[in-house]
Number of protein chains: 2
Amino acid sequence: MTDVPRRQPTLDEVAERAGVSRSAASRVLNNAPHVSRDKREAVRRAIRELGYVPNTTARALATRQRGVAALVIAGETPAIFADPFYAQVIVGASAALEEADLHLMLCLAAAERSRRRLEELLRARGVDGAMFMAIRENDPVLDIARETELPVVFGGRPAGFEPSWYVDADNVGGARKATEHLLDRGRRRVGMICGPLDTQVSRERHRGYREAMILAGLEPFAPESGDFTEPSGAAAMAELLVRHPGVDGVFAANDNMAAGALRALRGAGRAVPGDVAVVGFDDLDIARITEPSLTTVHQPIQDLGHETARMLVRLIGGDEPSPLILPTRVVARSST
Amino acid sequence: MTDVPRRQPTLDEVAERAGVSRSAASRVLNNAPHVSRDKREAVRRAIRELGYVPNTTARALATRQRGVAALVIAGETPAIFADPFYAQVIVGASAALEEADLHLMLCLAAAERSRRRLEELLRARGVDGAMFMAIRENDPVLDIARETELPVVFGGRPAGFEPSWYVDADNVGGARKATEHLLDRGRRRVGMICGPLDTQVSRERHRGYREAMILAGLEPFAPESGDFTEPSGAAAMAELLVRHPGVDGVFAANDNMAAGALRALRGAGRAVPGDVAVVGFDDLDIARITEPSLTTVHQPIQDLGHETARMLVRLIGGDEPSPLILPTRVVARSST
DNA sequence: GAAAATCCTGGGAGCGCTTCCAGTCTATGG
DNA sequence: CCATAGACTGGAAGCGCTCCCAGGATTTTC
């Protein structure tokens, strides 16, 4: 650390200092064969002494590999993105990308302009591949995802389109188990608070609910729908109480809305789980801190991000992985 | 859309089709002067017909500008990052970067390996600049931030180091106002639930609390400290009740911990705000949905991200902006 | 001991774009 | 009608790295 060079040293300088050709220097950089012990050593030393770091851009241009993967979150921000759900997904994805030595480009693509930039990013080969999440039915982002020639993996299936590669949680199964859990507890008048109906995840969770009800010989309630936020859950619960005063169980499509339902029930003077039992979905932190604590369907959120990224990495590497459905399970707490 | 070219067209192909030189084509691409109307038109047409998109990497290599900014979140994931706080910050930063046509590289740099990759990313000039957040005292990430030659802006000042460029919220002022708010409500035995003491934000909020107490001629309580999570707030509140059974007001360093405090108070049979008034900090969504709803200090979180990114953009552009402190204000709700 | 196989080595041609520069062309002004 | 500033134009030199390839050195094989 004697002198601080103003410009980053280049591979040519390393080669010169080591007394070898640039090709040779490049070879040791990439751990390629055909370099004698001595030269390899000399190059390593020169690299160390010069504090050389290969220029990613130049390498990217030559190899046609960027070393970057995009994570696209299509939903309206901040509403969707503020959900801790995506924070978790990002943590998982980030870890998996790191294992493959890829960097993470985060693209929030709700606005028109954001979408145009995303499209250019993909067409300009600014990334090696992309993960798509939170896509709604007829979302223009879906077209971008379908038309790109780059490897693409979906985290959660989009509504109305079955992609070749995706990772998803077992939403139908989880919802069914949640509903069955309520039925097992002796509830018979079980309602549901649904998410936005233009998302696949809402539809699947609703389907699971219906299946369980019908299997038990019961009539499913028409779902109240919210937008995955706490207040919308409270509103939906209030409405449910009006339409079905005798309701004794509620399955909410996520924990936020379930928390809202708990609040609404408390406001209406109904005891939980005494009068009405409640089950959520996601198993976010909030499920542990509501009162009563929330029975919910656990899904491995970080894994979802992790596996989505791993799948993308494999796709980029030329493999052809298979879609993946991650298991869900009921976590019983005090609300049932 | 007649034929789908397998390879992306290059600028040479555009130039050839338009019957001009590559230089000329490049000029129209960059809206540079010295191209005749006709040729400019011809190039535009060729671009359209070929569906040409300039290769970002090649451009980056030639111009030495990546078109990418890094957002580094240093804190332990998922704990820190799962906080909706950072999701908001990202939304703001993303919007500001988009205005400057920069992409966002998200770097979670808690682990050793992540840090090494970050360091290489910066040294290899893989980004044009970086924003640093959630840095703790003696955090190794701080060294990386200080040693890079790239433009760097801090979102929130790190403990023990005053950077040249940062954007921060007025934590001291906000904490003082929060405490004064409690005092105005007639509380005299006001305690504080603090965050981790190795973060600057915790220290500043604590300082604001002390200042307000001392100014009012009252003895500040020794702070209970948590880690910004709800359970830690509940635990701290419980402890506070043991040490100071007569406590009649509490200022928590963030809303999550304040929510925990509310829960602990309810568990202890204390009425809020009747027996104990509570104020939080951040004004996250959670503050609206606790019961009672939470009086808190509002800080413009999205703006924090937005301004941090804007400052970075200016720095990259060669300006020398000044540090920025964003205002905070008390939002009175039902907990006081 | 000669031929063949194997390993090193550095030259050079890209990757796709920007930008400098020298040369050409046009429109003025005297 | 000629000199001259000024706007065009395309050739060519990079940006920093990878990788093919031909030539030379070194072994291996019979």
Side-chain angles (χ1 to χ4, degrees), chain A residues 5-44 46-47 50-68 101 120-121 123-128, chain B residues 5-44 46-47 50-68 101 120-121 123-128:
Chain A
R6 212 67 225 121
R7 227 183 72 273
Q8 287 290 321
T10 72
L11 191 54
D12 281 295
E13 285 159 23
V14 169
E16 185 178 4
R17 180 173 192 119
V20 304
S21 72
R22 184 174 3 128
S23 322
S26 173
R27 266 176 230 127
V28 358
L29 210 57
N30 296 292
N31 289 315
H34 306 308
V35 182
S36 67
R37 260 189 86 67
D38 291 358
K39 307 219 161 186
R40 201 173 284 273
E41 262 315 304
V43 171
R44 294 234 167 89
I47 287 178
L50 255 37
Y52 169 78
V53 175
N55 180 311
T56 353
T57 311
R59 178 175 280 180
L61 184 58
T63 60
R64 302 159 157 285
Q65 304 194 131
R66 297 317 167 244
V68 181
D101 210 34
E120 284 198 358
L121 180 70
R123 300 205 31 199
R125 297 287 190 274
V127 294
D128 293 325
Chain B
R6 213 64 225 127
R7 226 183 73 275
Q8 286 290 318
T10 72
L11 190 55
D12 281 295
E13 285 160 21
V14 169
E16 185 178 3
R17 181 174 190 118
V20 304
S21 72
R22 179 165 17 121
S23 326
S26 173
R27 267 176 228 125
V28 356
L29 212 56
N30 296 291
N31 289 316
H34 304 311
V35 182
S36 67
R37 260 190 85 67
D38 291 358
K39 305 219 163 187
R40 201 174 284 273
E41 261 316 303
V43 171
R44 293 234 167 91
I47 287 178
L50 255 37
Y52 169 78
V53 175
N55 180 311
T56 354
T57 310
R59 178 175 280 181
L61 184 59
T63 60
R64 304 158 153 285
Q65 304 193 131
R66 300 310 166 252
V68 181
D101 211 33
E120 284 199 356
L121 180 70
R123 300 205 32 199
R125 298 287 191 276
V127 294
D128 294 325

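Note: hydrogens, waters and symmetry copies are ignored here, and every other heavy atom, side chains too, is used. Naming convention: chains lettered A, B, ... in sequence-line order (proteins, then strands); numbering from 1 in each chain.
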Regarding B:Pro33, tell me which of base, sugar-phosphate or nothing describes its non-hydrogen contacts under 4.0 Å with the strands shown. nothing
With a 4.0 Å cut-off on heavy atoms, is B:Ser26 in touch with a base, just the backbone sugar-phosphate, or nothing at all? base
To the nearest angstrom, how far is A:Gln65 atom CD from D:dG16 atom P? 21 Å
Contacts of B:Arg64 and B:Arg27 projected onto DNA chain D by closest heavy atom; the upstream (5') one is B:Arg27
Please identify the 5'-most and 3'-most nucleotides of DNA chain C with any atom under 4.0 angstrom from a heavy atom of chain B. C:dG16 to C:dC20
Between B:Thr63 and B:Ala24, whichever has its closest DNA chain D nucleotide further toward 5' is B:Ala24
Please tell me if the side chains of B:Val14 and B:Val43 come closer than 4.5 Å, counting only heavy atoms from C-beta onward. yes
Which atom of B:Ala124 lies closest to which atom of A:Pro54, heavy atoms considered: CB-O, 3.3 Å
Length of the CG-C1' vector between A:Leu11 and D:dC19, whole Å: 13 Å
Which pair of non-hydrogen atoms, one from A:Thr57 and one from B:Arg125, has the smallest distance, and what is that distance? OG1-O, 4.3 Å
Does OP1 or OP2 of D:dC15 have a side-chain N or O of A:Asn55 closer than 4.0 Å? no
Contact check, side chains of B:Leu11 and B:Arg59, non-hydrogen atoms, under 4.5 Å: no
Can you check whether B:Arg66 reaches B:Asp128 side chain to side chain, under 4.5 Å on heavy atoms? yes
Which is true for B:Ser23 with a 4.0 Å heavy-atom rule: it touches a base, it touches only sugar-phosphate, or it touches nothing? base
Whole-Å gap separating P (D:dT9) and CG (B:Asp38): 9 Å
Between A:Lys39 and A:Arg22, who's closer to the 5' end of DNA chain C by nearest nucleotide? A:Lys39
Counting side-chain heavy atoms from C-beta on, which of D:dG10, D:dG14, D:dC17 comes nearest to B:Ser21? D:dG10
Count the heavy atoms belonging to other residues, nucleotides or ligands that lie under 6.0 Å from CD of B:Glu16, then report whether that count exceeds 12. no
